[in-house]
Student: 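If you scroll down you'll find the structure; I have some questions about it.
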2 protein chains.
Amino acid sequence: MARIGNNPTARQQKVLDYIRRHAQRTGAPPTVREIASALGFASTNAVACHVAALERHGLLERRPHSSRGLRATGSISPGVPILGRVAAGQPITAQENIEGYLAPDSFLINDAESTFVLRVQGDSMTGDGILSGDYVVVRRQPVAERGSIVVAMVDDEATVKHWQADADAVRLVASNPSYPPIEIRPGDGKMVDVLGIVTGVFRRL
Amino acid sequence: MARIGNNPTARQQKVLDYIRRHAQRTGAPPTVREIASALGFASTNAVACHVAALERHGLLERRPHSSRGLRATGSISPGVPILGRVAAGQPITAQENIEGYLAPDSFLINDAESTFVLRVQGDSMTGDGILSGDYVVVRRQPVAERGSIVVAMVDDEATVKHWQADADAVRLVASNPSYPPIEIRPGDGKMVDVLGIVTGVFRRL
DNA sequence: ATTGTTACTGAACGTTTGTTCCGTGTCAAG
DNA sequence: CTTGACACGGAACAAACGTTCAGTAACAAT
């Protein structure tokens with residue numbers, strides 16, 4: 001069968017899975033000989049072949065001539081399984097249930113250079129599921145689209161709010177109705193500065 | 001000066017930092033020669049020496065006789081800066097503002113082996129800041145404390161609720177008042193199974 | 001019947017890499 | 001002054017490692 005798409009074969013998927021698992025467990029990707037040994041290959045060339053295929057499909061990156069130079073694209077750290085529909089019956093982490101793998105790190109953070117995390121104080125954004133004590137992931141940028149959630153500096157205080165800028169005024173709107181919008185007009189003597197926009201939220205229970 | 005504690009010297013810290021950075025950037029720890037080259041050493045022995053010291057201090061683990069067999073203990077990836085109080089004035093990411101570094105991965109996931117992620121459907125838990133479409137981090141375990149948020153299997157359907165078990169009944173309580181509690185008693189013909197408890201929540205905006 | 005892809009075995013080459021032994025110099029404590 | 005930890009240079013060895021070439025077999029499409 002001629003293979004055209006970007007999808008790996010079952011055998012190739014097993015190689016990719018092993019690379020991911022090994023990287024997660026040991027902190028480094030496996031060598032080609034470790035892969036061969038784990039999957040029962042007698043020749044390292046079998047691995048080289050699969051690795052080349054995975055690279056063609058864009059599922060794997062390589063650092064040539066370097067030991068352990070394999071990296072699964074997408075989720076950097078192998079991540080944990082995402083379960084879609086959980087089927088009734090037996091083991092939850094059965095292969096059929098697993099929709100993919102996901103590492104919160106790379107999922108929440110695209111550009112580590114310009115990203116920071118801010119701990120939220122106060123409950124003004126509970127309407128968006130942002131509670132006091134939550135961590136918001138913020139990408140630094142001085143401008144924001146109308147309606148997006150931003151971290152703004154208002155008179156020496158950082159605050160998380162919805163951004164609504166008009167021609168004549170800027171409004172910082174809370175999603176908790178108990179909090180009135182903050183309105184800033186030119187000549188108020190107040191300063192507003194967008195520090196960045198909120199791209200993610202997470203909390204530990 | 002006789003060195004006694006578990007603290008590394010400034011030079012050792014630099015080696016450790018480089019190992020961490022390299023592991024994050026490339027997906028694999030560096031070789032001893034890469035470390036030597038990066039820090040300006042002419043001899044690999046200088047690295048071996050520092051690595052041995054870091055290992056004694058418990059800051060580094062080694063996989064002997066294996067290429068790239070170094071792993072910084074504790075925080076795996078250096079992560080993004082956490083900002084505490086954002087001071088007025090200049091650069092946000094100034095050193096004074098940074099409270100620490102945090103990687104969502106290792107923050108949310110302690111035991112990768114028994115952890116999975118589930119995408120939430122429905123708004124029954126909005127009271128706890130868990131919205132439809134959010135990802136919940138679940139640690140697999142068959143029992144739960146009263147009041148904790150669990151993923152439970154009720155008649156072939158996985159659901160996220162508060163767990164409240166009495167002697168005579170089990171109640172799955174939503175945090176959105178629009179949803180009545182689900183009560184299961186022995187002899188109902190219904191089945192309840194705790195798949196795991198929710199240890200974290202995250203979402204992308 | 002031929003072509004092309006997948007999926008390997010087997011062997012070999014050259015480099016990379018961890019490791020070790022020996023030696024030099026600095027600096028602070030006893 | 002001696003001792004001991006720290007911080008390196010230089011050189012060398014054996015094992016680990018990525019890579020490549022040659023060849024075999026199954027299978028589907030043309």
Side-chain angles (χ1 to χ4, degrees), chain A residues 1-19 22-23 25-73, chain B residues 1-19 22-23 25-73:
Chain A
M1 181 190 15
R3 184 156 277 289
I4 35 168
N6 278 342
N7 297 344
T9 66
R11 209 84 186 96
Q12 286 165 13
Q13 186 64 50
K14 287 219 167 196
V15 173
L16 190 62
D17 285 346
Y18 178 74
I19 293 170
H22 191 282
R25 278 208 324 274
T26 71
T31 65
V32 293
R33 280 173 179 84
E34 282 168 351
I35 298 172
S37 156
L39 300 208
F41 300 153
S43 168
T44 59
N45 186 38
V47 178
C49 195
H50 283 134
V51 162
L54 286 165
E55 204 186 2
R56 277 198 306 274
H57 296 152
L59 297 166
L60 203 61
E61 282 178 11
R62 278 169 69 192
R63 199 165 359 102
H65 301 283
S66 167
S67 67
R68 305 181 187 275
L70 303 172
R71 175 153 67 160
T73 328
Chain B
M1 182 188 20
R3 183 154 276 290
I4 37 168
N6 277 342
N7 297 343
T9 66
R11 209 84 186 96
Q12 286 165 14
Q13 186 63 49
K14 287 218 165 191
V15 174
L16 191 62
D17 286 345
Y18 178 74
I19 293 171
H22 191 281
R25 280 209 323 272
T26 71
T31 66
V32 293
R33 279 174 180 83
E34 282 168 352
I35 298 172
S37 156
L39 301 209
F41 300 152
S43 169
T44 59
N45 185 40
V47 178
C49 196
H50 283 135
V51 163
L54 286 165
E55 204 186 1
R56 277 199 305 274
H57 295 153
L59 297 166
L60 204 62
E61 280 178 12
R62 278 168 70 193
R63 200 168 355 103
H65 302 281
S66 167
S67 67
R68 304 181 189 276
L70 302 172
R71 176 153 66 160
T73 31

Student: Could you state the atom-to-atom distance from CD1 of A/I19 to P of D/dG18 in whole Å?
Tutor: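 Going from A/I19 (CD1) to D/dG18 (P), I get 11 Å.
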Student: Only counting residues at least two apart or in another chain, list the ones meeting side-chain hydrogen bond (donor to acceptor under 3.5 Å, both in side chains) with B/Q13.
Tutor: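 Only B/D17 meet the side-chain hydrogen bond (donor to acceptor under 3.5 Å, both in side chains) criterion with B/Q13.
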Student: Using a cut-off of 4.0 Å on non-hydrogen atoms, how would the nucleic acid contact of A/R62 be classed: base, sugar-phosphate, or nothing?
Tutor: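 Sugar-phosphate, backbone atoms only, no base.
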Student: Nearest-Å distance, CZ (B/R63) to C1' (C/dG18)?
Tutor: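 Taking CZ of B/R63 and C1' of C/dG18, I get 12 Å after rounding.
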Student: Suppose the criterion is salt bridge (charged side-chain N to carboxylate O under 4.0 Å, His left out): which pairs have a residue in residues 38-53 of chain A, not counting sequence neighbours?
Tutor: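 Every candidate salt bridge (charged side-chain N to carboxylate O under 4.0 Å, His left out) pair involving residues 38-53 of chain A fails, so no pair, neighbours aside, qualifies.
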Student: Enumerate, atom names and distances included, each donor-acceptor pair closer than 3.5 Å involving a side-chain atom of residues 37-51 of chain B, sequence neighbours excluded.
Tutor:
{"unit_1": "B/S43", "atom_1": "OG", "unit_2": "B/N45", "atom_2": "N", "d": "3.0"}
{"unit_1": "B/H50", "atom_1": "ND1", "unit_2": "B/A46", "atom_2": "O", "d": "3.3"}

Student: Whole angstroms only, please: what is the CZ-C1' distance between A/R11 and D/dA26?
Tutor: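 So the CZ-C1' distance, A/R11 to D/dA26, works out to 14 Å.
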Student: Rounding to a whole Å, what distance do you find between A/I35:CD1 and C/dA7:C1'?
Tutor: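 Whole-Å distance recorded here is 15 Å.
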Student: List the atom of B/G27, the atom of A/P29, and the distance in Å for their closest heavy-atom pair.
Tutor: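 Residues B/G27 and A/P29, closest heavy atoms: O-CD, 3.5 Å.
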Student: Where do N or O atoms of nucleotides 13-17 of chain C meet protein N or O atoms at under 3.5 Å, pair by pair?
Tutor:
{"unit_1": "C/dT17", "atom_1": "OP1", "unit_2": "B/R68", "atom_2": "NH2", "d": "3.3"}

Student: Can you name the closest pair of heavy atoms from B/L70 and B/P30 and give their distance?
Tutor: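 The pair with the smallest heavy-atom distance is CD1-O, 4.2 Å.
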Student: Under the rule for salt bridge (charged side-chain N to carboxylate O under 4.0 Å, His left out), what residues qualify as partners of B/R62, not counting sequence neighbours?
Tutor: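 Per chain and number, B/R62 pairs via salt bridge (charged side-chain N to carboxylate O under 4.0 Å, His left out) with B/E55.
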Student: Heavy atoms within less than 4.0 Å of DNA chain D: which residues of residues 38-46 of chain A have one? Give them sorted by number.
Tutor: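 By residue number: A/T44, A/N45.
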Student: Among pairs that include at least one residue of residues 40-53 of chain B, which meet salt bridge (charged side-chain N to carboxylate O under 4.0 Å, His left out), considering only residues two or more places apart or in two chains?
Tutor: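 Sorted result for residues 40-53 of chain B: empty, none.
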Student: Could you tell me the separation between the CZ atom of A/R71 and the P atom of D/dG18, rounded to a whole number of Å?
Tutor: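 Going from CZ in A/R71 over to P in D/dG18 covers 16 Å.
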Student: Taking side-chain contact (heavy atoms from CB on, under 4.5 Å) as the definition, give me every residue that meets it alongside A/S66, ordered by chain and number, with sequence neighbours left out.
Tutor: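 For A/S66 the side-chain contact (heavy atoms from CB on, under 4.5 Å) partners, ignoring immediate neighbours, are A/R63, B/R68.
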Student: Looking only at side-chain N and O atoms, does A/H50 come under 4.0 Å of OP1 or OP2 in C/dA7?
Tutor: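 Yes.
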